[in-house]
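Input: a single structure, listed below in structure tokens.
When reading the values below, keep in mind they use all heavy atoms of this one structure, side chains included, and skip hydrogens, waters and symmetry mates.
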Amino acid sequence: MVNAYIFDQMNAKYQASRSAGDWLQERLQVLRDQAAAAERAVVQFKDKNNIVSTGGGTLMNEKELAEISAELGKARAQAANLQARVERMDVVRQTYQREFSRDQPGLAVDENFSEAMSNPIIGPLRAKYLDLINREADWAQRYGASHVSVVNLREPDQGHAPVDL
């Protein structure tokens, strides 16, 4: 009778374990099916919306957004640079007007200023200056503002004064 009781208890535990295992297998299959369906839905969504993984864990749209943001930053920096140049030219023009109106009262100051700004000597110097400014901004963004190459562009070299327009 004791052996029958132990056998019955062991059989009950075995049946309980077996039914739990069967239930877990069924549940696991249902979850696999759901995961596969979700993966197919993701692939379909990516195809439909032209989204491509780049391999680095980011999506192509995110990469494009980062590139566009960088370009926007460059454009804003360039716009600020141009605005500063316009303001500087306005200050120079006003100073030029004050100086020449005292020395030569009959001259058209605006014409002299535009002539000075279009001078064949000043034009290439301004172009070279702008090239150096753009190179400095580019290198500062790439290597950092304190990099020796950026500092060398920014500071006077061997006694030459930096260009100021």
Side-chain angles (χ1 to χ4, degrees), residues 24 27-165:
L24 284 175
R27 181 70 179 144
L28 185 59
Q29 188 59 42
V30 168
L31 291 176
R32 281 186 189 134
D33 292 342
Q34 287 177 349
E39 184 65 30
R40 283 191 302 273
V42 167
V43 169
Q44 288 174 352
F45 180 80
K46 284 182 178 181
D47 286 342
K48 181 180 176 183
N49 294 301
N50 197 22
I51 299 173
V52 180
S53 295
T54 60
T58 61
L59 300 176
M60 184 60 112
N61 289 347
E62 292 174 0
K63 184 178 180 182
E64 290 172 356
L65 178 63
E67 290 171 356
I68 290 171
S69 294
E71 289 177 18
L72 176 62
K74 287 179 183 178
R76 284 182 176 163
Q78 187 177 13
N81 185 18
L82 291 173
Q83 180 65 33
R85 282 186 55 213
V86 166
E87 291 171 2
R88 177 67 179 149
M89 287 177 66
D90 192 42
V91 168
V92 169
R93 185 182 59 79
Q94 289 173 0
T95 303
Y96 191 80
Q97 284 178 339
R98 281 194 305 270
E99 294 294 323
F100 276 92
S101 64
R102 270 188 271 137
D103 295 342
Q104 301 171 3
L107 287 178
V109 177
D110 286 334
E111 290 176 12
N112 287 336
F113 176 75
S114 63
E115 183 180 319
M117 294 308 284
S118 63
N119 186 309
I121 295 172
I122 292 176
L125 288 174
R126 286 179 54 222
K128 187 174 182 179
Y129 171 76
L130 291 175
D131 180 50
L132 290 173
I133 291 297
N134 289 333
R135 189 179 312 158
E136 176 191 353
D138 182 42
W139 288 4
Q141 183 179 11
R142 285 186 192 179
Y143 310 120
S146 61
H147 190 273
V148 72
S149 298
V150 177
V151 172
N152 286 341
L153 281 175
R154 193 179 309 128
E155 292 182 0
D157 184 31
Q158 300 174 358
H160 299 288
V163 179
D164 185 26
L165 289 178

Checking [X] now: which residues fulfil side chain to side chain contact (heavy atoms under 4.5 Å, CB included) with it, not counting sequence neighbours?
X    : result
E39  : V43
R27  : W23, V30, L31
R142 : D138

#### Entry: E71 CD to Q78 CD distance, which is reported to the nearest 0.5 Å
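Reported to 0.5 Å precision, the distance equals 12.0 Å.
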### Query
Do the side chains of D131 and R135 get nearer than 4.5 Å, heavy atoms only?
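The answer is yes, as the side chains (C-beta and beyond) meet within the 4.5 Å cut-off.
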